[in-house]
Amino acid sequence: MSTSPEHPGPRLRPALEGVPAYKPGRAAADRDGERTYKLSSNENPYPPLPSVLAKVRDAAETFNRYPDMFATGLTAAIAERFDVPVTSVATGTGSVGVLQQVVQSCAAEGDEVVYAWRSFEAYPVVVGISGATSVRVPLTADERHDLDAMAEAVTERTRLVLVCSPNNPTGTAVRRAELVRFLNRVPPHVLVVIDEAYREFVRDPDVPDALEVYRDRPNVAVLRTFSKAYGLAGLRVGFAVAHEPVAEALRKTAVPFGVSGLAQVAATTSLEAEAELLHRVEALVTERSRVQAALREQGWTAVPASQANFVWLRLGERTEEFAAACEQAGVMVRPFAGEGARITIGERIADDVFLDVAKRFVAS
């Protein structure tokens, strides 16, 4: 039966009417024997490590059973690796899943959540679902968080502040002195979440490890993920480190059995193989430097110094045109209409295709 004035259908929450849909990066499909490349989702281009894959294959024999709901082994491994109490760790389905747990724990209708914009596309989605109000603070002219303006945006209705560092999609990261100054201005009852999904790619010594900042600040929590540097994007596992009252709230709001047994095994094994994984990360950082240098040599004058596994081009009204040119050449990038494009650092051959498009585009 279709809906009508007499039969309007189920009543849904009005807050959902304004929630934007999350747009994933477009997949690359080979065409006419020509290989195409996906540089649109910030994935790790390397295949799973053999040691991780072997453990996951063994674990697959038991996926007829529910996983450990509390991810006990993984939580203990995270706590040991990062030298934090087990009670300060909360896991979830990727850092986005943990972010949703954070917002559910802190914000509801009538509350405000402050974050920079443009930043991670999931922020307005997750905040909107909660019924809270997003307060978006524009980035500076050099694509960085304006932490002074974000501090000014905090009001008596603010329950949560999100700081994405390195920032997705611009790649810029918050520096130590400005972060400390900002945290000193935020009221202690407001939770500040530092989203460090790309922490492993940071090479700027002025960018702090947020776990060191969290230790003596009860209102600071840190998000991390196994999706990027660890290459487990398809298994969906992330975690937060927060002081015990906050971490306990995140465990309460987690989806029961959300982190699969396979994901738990893969993440735990990845921590054991971290030296090998970080060797791959170093290779991606080296490739990032090559790509950024090539763009600047081509004449791109405003390429931010990325601390993540992607680069950002501010293209304005030509963004969709650029994305279409890349797709025509065989690479998928992530356009943000009217603003710019984010391009993941991938295989060298894929990056070279992108660079060729960029060279022709800037020349035009």
Side-chain angles (χ1 to χ4, degrees), residues 13 15-16 19 22 56 59 62-82 84-109 111 113 115 120-132 159-164 190-197 199 210-211 214 218-228 230 232-271:
R13 292 174 55 216
L16 297 180
V19 175
Y22 183 86
V56 171
T62 63
F63 66 49
N64 57 308
R65 303 293 184 182
Y66 285 110
D68 175 1
M69 177 170 161
F70 303 104
T72 308
L74 173 58
T75 298
I78 292 170
E80 180 179 2
R81 165 62 183 83
F82 296 103
V84 298
V86 171
T87 53
S88 292
V89 178
T91 58
T93 54
S95 58
V96 177
V98 184
L99 171 67
Q100 189 157 24
Q101 294 161 227
V102 170
V103 176
Q104 287 179 326
S105 300
C106 294
E109 293 186 13
D111 298 330
V113 178
Y115 52 86
F120 184 29
E121 191 177 8
Y123 292 165
V125 177
V126 174
V127 173
I129 290 171
S130 75
R159 296 293 177 268
L160 177 65
V161 179
L162 305 174
V163 178
C164 189
V190 175
L191 181 65
V192 178
V193 170
I194 305 175
D195 187 346
E196 289 193 316
R199 171 63 207 175
L211 289 176
Y214 123 91
N219 69 326
V220 171
V222 181
L223 293 187
R224 296 280 181 91
T225 183
F226 286 92
S227 296
K228 310 304 182 185
Y230 292 88
L232 305 183
L235 290 177
R236 312 309 303 129
V237 53
F239 64 96
V241 176
H243 291 272
E244 190 168 346
V246 175
E248 176 62 23
L250 302 188
R251 290 189 286 270
K252 288 179 179 178
T253 52
V255 175
F257 306 108
V259 181
S260 73
L262 300 185
Q264 293 181 39
V265 167
T268 303
T269 308
S270 293
L271 287 173

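These values consider heavy atoms only, across backbone and side chains, with no hydrogens, waters or symmetry-generated copies. Counting from 1, the numbers follow the sequence of the chain as shown.
Although no hydrogens or angles enter the test, the distance criterion places a donor-acceptor pair under 3.5 Å between the side chain of Arg251 and the main chain of Thr87. Looking only at distances, a side-chain donor or acceptor of Ser88 sits under 3.5 Å from a matching main-chain atom of Ala242. Side-chain atoms of Thr75 never come within 3.5 Å of backbone atoms of Thr72 as a donor-acceptor pair (strictly under, hydrogens ignored). Judged by distance alone, the side chain of Gln264 and the main-chain N or O of Pro67 form no donor-acceptor pair under 3.5 Å. Checking side-chain atoms of Asn219 against main-chain N and O of Val190 turns up a donor-acceptor pair under 3.5 Å.
Across Ser270 and Leu232, no two heavy atoms sit closer than the pair OG-CD1, 3.7 Å. Pairing each heavy atom of Leu223 with each of Val193, the nearest pair is CG-CG1, 3.6 Å. Ala247 and Ala90 get closest at one heavy-atom pair: O-CB, 3.9 Å.
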Intermediate values then yes/no, side-chain contact (heavy atoms from CB on, under 4.5 Å), Val126 and Val113: CA-CA 10 Å; Val126 174; Val113 178; over 6 Å; no

Derivation and outcome, side-chain contact (heavy atoms from CB on, under 4.5 Å), residues Phe63 and Leu262: CA-CA 8 Å; Phe63 66 49; Leu262 300 185; 4.3 Å; yes

Residues Ser95, Arg224; criterion side chain to side chain donor-acceptor pair (under 3.5 Å); working and verdict: CA-CA 6 Å; Ser95 58; Arg224 296 280 181 91; over 6 Å; no

Steps toward side-chain contact (heavy atoms from CB on, under 4.5 Å) verdict (Val127, Tyr115): CA-CA 10 Å; Val127 173; Tyr115 52 86; 4.2 Å; yes

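Residues meeting the side-chain contact (heavy atoms from CB on, under 4.5 Å) test with Thr253, sequence neighbours left out: Gln101, Gln104, Ser105. Contacts of Val96 classified as side-chain contact (heavy atoms from CB on, under 4.5 Å), with partners at least two apart in sequence or in another chain: Phe120, Ala122.
Annotation: side chain of Leu211 is in contact with side chain of Val241 (closest heavy-atom distance under 4.5 Å). Considering only heavy atoms from C-beta on, Phe226 stays 4.5 Å or farther from Leu235 through its side chain. By the 4.5 Å heavy-atom criterion applied to side chains, Thr91 and Val98 are not counted as neighbours.
Once rounded to the nearest 0.5 Å, the distance linking CD of Glu196 with NZ of Lys228 reads 14.5 Å. Note that OG1 of Thr268 is 4.0 Å distant from CG of Leu74, once rounded to the nearest 0.5 Å. Rounding to the nearest 0.5 Å places OG1 of Thr225 at 10.0 Å from OH of Tyr230. Here the straight-line distance linking atom CG of Leu160 with atom SG of Cys106 works out to 5.0 Å at 0.5 Å rounding. Atom CG of Leu271 sits about 9.5 Å away from atom CD of Glu80, to the nearest 0.5 Å. Here the OH-CZ distance, from Tyr66 to Phe257, works out to 6.5 Å after rounding to the nearest 0.5 Å.
Taking the ring centroids of Phe82 and Phe239, they lie under the 6.0 Å cut-off.
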